[in-house]
Each structure stands twice: as structure tokens, then as C-alpha cells.
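Below you'll find the structure, written out as C-alpha cells, and then a few comments.
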Amino acid sequence: MAFTKGRRRLRGRAAGAVALAVTLVTGGLAAAAHGQESTQVSAEDAVQAQAATLRDLADQRGLRMGTAVGSQHLSQSQYAQTAASEFNSITHENDLKWETVEPQRGQFNWTNADRIVDFAQQNGQMVHGHTLVWHSQLPSWVGNGNFSRSELLDVMDTHISTTVGRYSDDIATWDVVNEPIGDNAQFRDSVFYRTLGQDFIAEAFRMADRADPDARLFINDYNIDGINAKSDAYYELVKDLLAQGVPIDGIGFQGHLISGQVPSSIQQNIQRFVDLGLEVMITELDIRIQMPATEQKLEQQARDYEQVVNACYAVSGCSGVIVWGVTDAYSWVPDTFEGQGAALPIDDSYQKKPAYWAIHEALGGEPDPDPTDPPTEDPTDPPTDPPSGDCEADYTITNEWNNGFQAEVTVTAGTSLTGWTVTWSLGSGESVSHAWNASVSSSGSNVTATDAGYNGTLSAGQSTSFGFVGTHGGSVSTPQPTCTSGS
Ligand code: 9MR
């Protein structure tokens, strides 16, 4: 792959937010408008702020607003467009992990990692490197290699120097060591800790620093967002590393949180690590809710996101936030936590949720322009008399203009459903361009809409609706859709 020099880089020890501000400022807002300093927004800026993406706003304020990306999704245009327009920083969700890039000793495979770095380059985005030394997603040749101390150091050095060296022009910040402390606040049992003791952490940072002395190097973990025994253990660990002169620049609070349970001490916790001279980043933010997502739960989640991002933005030295995925459709959460999901600011159908608008506002943008729009509505209505059959779909044209129209389809369950599919035929010259609260695809004139996950489970008589915008060639037809159980 071609590497270009001069990408937007975050450089210089303890200069996190300010360095970012200087390199990223594009608009008329003050470069150092972060932390305690106030932001002056002109009328012109305010107009722009309404249409601004999270990326525009974060750029203006010199903050990182990132997302995790999977290379397997980049060929989907809506996914790629959202990743490029809403975020100024990209993290490999899985494609840069040890098992992927060095599955056999000394045999490196960069195909998927490169695709993401290339994507970021094409879109002028930073890359936060995740991750070099982690007990998980580690190939068995490392975990079961029975290496001596010196052999394991050699294995680590090869992996770190090759990976960091390869991307030294592209990746300016790294999660060097991920999750070395367990939930009991003790060092986690891993091949690295068993073989090298806690020194493996210092060694890993020194190796990364040798491979790219300009890179900013982070330690990263979950459940350290608030002040608790585990974050206390990190506080002691990083103080010790700094005292030894280990080249550590920052700490990542992953931020895998539960809605309604954001730790109240998060800002104080960020501040105490910044006071040690470290940069703090929220590196993997998602805030999960118990499904189904109702309007009330989505509003609570918005307040949770607001609390986390404001805690970061309030502290100079907290350089920004990375959310752990572009869309709820591909979030790791539902696969790991049964019955929970909808953890990201953008939903399965790429609709901006209240959480998105909460971040938008926290970044100085406008609030949700139409808070009554889906998907802020409660996705389910109270039960009525159930129709016969699996379900019924009622199609209504809600708006019409020159060559466009908007339609709403209400699905009512005849029997209890765990998913639904609605199909209909388009009239001549019609197409569907943009949908919410359902996954909609078309093939020729046949359109298929399936539930969006969070609105798939309906009891008999319960309704939910989805909508879309379409184009027409002169007149709008009113089709008779068919509804079936299953998606
Ligand atoms: O989101 C990642 C998921 O796709 C993987 O299956 C999982 C495997 O461990 O890793 C997830 O990402 C993790 C990240 O690398 C480290 N912090 C916790 C994240 C969520 O598990």
C-alpha cells in the first residue's frame, strides 16, 4: 500500500487535545475551545452547526470523534459513508489484532488491516491502533508456545516492531497493552504475565516507542471509567510506569456501559489521570439498553452519552471519544449480552438516535431538529384487537412532492411475532431511497422490508411502524402490502 506523509497526527507528549486542535481546526471556532475555555459561536457558525456532522463539530473543536470499523462492512455504501462523514478517527474493531495480522509466527497478513488504514487515508481520518498486546484474540502459537522469558520478549518485539513500524506514517496513537488488569483489580493471568510478570507492560511500551518514537502510547481497559478498585489499580500502575520512565502517554477508558449506570465519578476519574500528565481518551464507547428500545429508554441513553462526552470535553487532556461501531446493526453487544442492544448513537437503519443528537449538542451543534421523528418514537403501540393471520401491514402516503413521496407502513401482529417481513410492489417509475425502523431492500419492482431488530417482537394485536422516502415518476401508487412472520 502507498503511505503518504503528513497525515493528521497527534504528536507530542501531554499535548493531546491542543495538538489535535491545531491540526484539525477547519472552521471559525477557537482552536483551543476545549475544557475550561469558552467557545464563541457566530451566527454563521450556528447555521452551519445545524447541518454539521459529528465530525465537522469535533474537527472545529479539535477533538477526536471516532468509531470502530470492520473491514467486512466497508463495501456497503451507507456504512462507509456514515463512517467517513460522522467520524474523524477510525479504529480497527478486529482487523489489527494479533490473531489477524500474525496468525503464524513471523507470517504477517495485512490485507484487512490495510483496507481500514487505506479507507481512513482516503477520508482524511486519524487511526487509533487497536491493539498490540492482549490476552484475547491471541493466536494459539503465542498462548501455547511455552516460550522462555527471552523468547517471549523476542516474539513480542517482532510483533510490535513490525506492526507499529509498518504503520508509523499512518497510526499516531496505539493501545499498546489492552486489559492487563482483571475485574478483581489484580494483574490478569495471561501468557505475558505468567512468563514475564508485570514487566511485560513496560517492555511492550518500550518496544512500541522504539518502533515509532513519535507515536502516542496508551494502556486501555473496561470498567475503569469511574473511580473504583480497578481504576485505582490502574492509577497506581501508571504512576509506577511513569516513575520508571516508561514511554506511556495515555490511558483509554473503553466505556462499555449500561444505560442508567454511567459512573458519577467519570469526570473526576479522567481528571486524576490527566493530572498525572497522561492523555485520556474514551476509546470504545457504547451504552447498552434492555431491548426493546422505547422512546423513554432511548432518551435515558441520550442523557448517558451526554454525561460521558461532557465529562471528557470538560477536562483539557481528554482528547475525545471513540464509539465502538458505526451502527447498531453490527454492534458486538447483542451477541454478548442477551436481550440487550441498541448501544450506539446510530441505529440499525442508520437513523440518528437521541444519543446522536446529545453528542451533537455537546459538541456545540444543534439539538435534534425534529425530536418527534422516528426512531425517537416508541417503536410499539398498545395492543388492539389482533387481525387474522400472522400480521397485517397498513400502507399510508404521508407526504408527496414533485418526484418524491414519504410513506408509513404500520405492522400489526395477528399472533405473537419475533420478526416480520412486509413485501409490496412499486408502481411504475417508483423507487425506495431511504427507510427507518426497518431494513428495506428492493429488487426490480419488488420491495422487502424486515423489522429493525428492536421492533421485531410484537404480541398479538401490537403494532409498530416504519417509514421511507421514495421517488416517483409522476404519480404515487398505493400498494397493498403483504405481511408475514419472520425476518
Ligand atoms: O467488538 C469486538 C468483537 O467483534 C469481538 O468479537 C471481540 C472479541 O474479543 O472483541 C470486541 O472488541 C473488544 C475490544 O477489542 C477490546 N475491548 C472490549 C471490546 C468488546 O468486547
Side-chain angles (χ1 to χ4, degrees), residues 66-74 76 79 82-83 87 89-103 112-113 115-117 127-140 142-143 159-160 163 167 171 173-183 188-193 201 204 208 217-226 230-231 233-234 250-259 261 263 280-289 308 321-346 348 453:
T67 188
V69 158
S71 63
Q72 72 276 27
H73 306 306
L74 284 176
Q76 295 164 36
Y79 181 91
T82 308
F87 303 100
S89 174
I90 297 288
T91 302
H92 302 71
E93 183 172 1
N94 289 301
D95 296 305
L96 196 52
K97 290 172 180 172
W98 197 322
E99 68 175 5
T100 307
V101 298
E102 195 189 3
N112 291 336
R115 284 183 67 197
I116 290 179
V117 173
V127 181
H128 178 63
H130 177 80
T131 178
L132 296 168
V133 177
W134 187 25
H135 64 274
S136 181
Q137 290 178 286
L138 185 69
S140 60
V142 182
H159 181 72
I160 292 172
T163 308
Y167 295 117
I171 300 186
T173 57
W174 282 97
D175 290 333
V176 177
V177 179
N178 197 40
E179 302 170 6
I181 293 182
D183 291 331
R188 186 189 288 279
D189 180 49
S190 71
V191 66
F192 305 108
Y193 184 68
I201 300 170
L217 308 178
F218 285 68
I219 199 161
N220 190 51
D221 212 326
Y222 63 88
N223 283 353
I224 59 167
D225 319 286
K230 189 170 172 183
S231 65
Y234 269 95
I251 182 161
F253 296 180
Q254 290 183 4
H256 294 296
L257 299 171
I258 299 170
S259 185
Q261 297 181 30
V280 175
M281 237 197 271
I282 311 294
T283 47
E284 304 182 13
L285 182 60
D286 50 29
I287 305 183
R288 53 189 187 268
I289 55 190
V308 176
V321 172
I322 296 167
V323 295
W324 203 240
V326 174
T327 148
D328 282 337
Y330 304 128
S331 164
W332 71 294
V333 168
D335 293 339
T336 308
F337 303 101
E338 209 186 324
Q340 297 179 61
L344 293 165
I346 295 177
D348 304 58

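Treat the numbers as computed from the prediction; the structure is a model and nothing was measured. Atoms within each ligand, like the ligands themselves, are counted from 1 in listed order.
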Among protein heavy atoms, which sits nearest to atom 9 (O) of ligand 1, and what does the distance come to when rounded to 0.1 Å?
Gln137 OE1, 3.3 Å

Close N or O approach (Asn178, ligand 1; < 3.5 Å)
no

Separation between CD1 (Ile219) and CD1 (Ile251), nearest 0.5 Å, reads 6.5 Å

Evaluating non-hydrogen atoms only, which member of Lys97, Glu99, His92 is closest to atom 13 (C) of ligand 1?
Lys97

Check the pair Ile116 / Ile90 against side chain to side chain contact (heavy atoms under 4.5 Å, CB included), numbers first and verdict last.
CA-CA 8 Å; Ile116 290 179; Ile90 297 288; 3.5 Å; yes

the protein heavy atom lying closest to atom 19 (C) of ligand 1 turns out to be Glu284 OE1, 3.3 Å

Is it the case that ligand 1 has an N or O less than 3.5 angstrom from some N or O of Gln254?
yes

For atom 2 (C) of ligand 1, the closest protein heavy atom turns out to be Glu93 OE2, 3.4 Å

Of the protein's non-hydrogen atoms, which lies at the shortest distance from atom 5 (C) of ligand 1, and what is that distance?
Asn94 OD1, 3.4 Å

So Thr91 and His128, side chain to side chain donor-acceptor pair (under 3.5 Å) or not? Walk me through it.
CA-CA 5 Å; Thr91 302; His128 178 63; 5.5 Å; no

Quick one: look up the protein heavy atom nearest atom 12 (O) of ligand 1 and list residue, atom name and how far away it is.
Trp324 NE1, 3.3 Å

Near Glu179, which atoms of ligand 1 are under 4.0 Å from a heavy atom of that residue?
16 (C), 17 (N), 18 (C)

Taking the inter-plane angle between the rings of Trp324 and His256 on a 0 to 90° scale, is it parallel (under 30°), tilted (30 to 60°) or perpendicular (over 60°)?
perpendicular

Consider every N or O of His130 and every N or O of ligand 1, then say whether any pair is closer than 3.5 Å.
yes

The reported gap from CD1 in Ile289 to CD1 in Ile258 (rounded to nearest 0.5 angstrom) is 12.0 Å

With ring centroids as reference points, do Phe337 and Trp332 lie under 6.0 angstrom apart?
yes

List every atom of ligand 1 that sits less than 4.0 Å from any heavy atom of Trp332, numbering the atoms from 1 in the order shown and giving each element.
1 (O), 20 (C), 21 (O)

Which residues satisfy the ring pair (Phe, Tyr, Trp, His ring centres under 6.0 Å) test with Tyr222, sequence neighbours excluded?
none

Just so I know, are the side chains of Gln72 and Asn112 near enough to count as touching, which here means a heavy-atom distance under 4.5 Å?
no

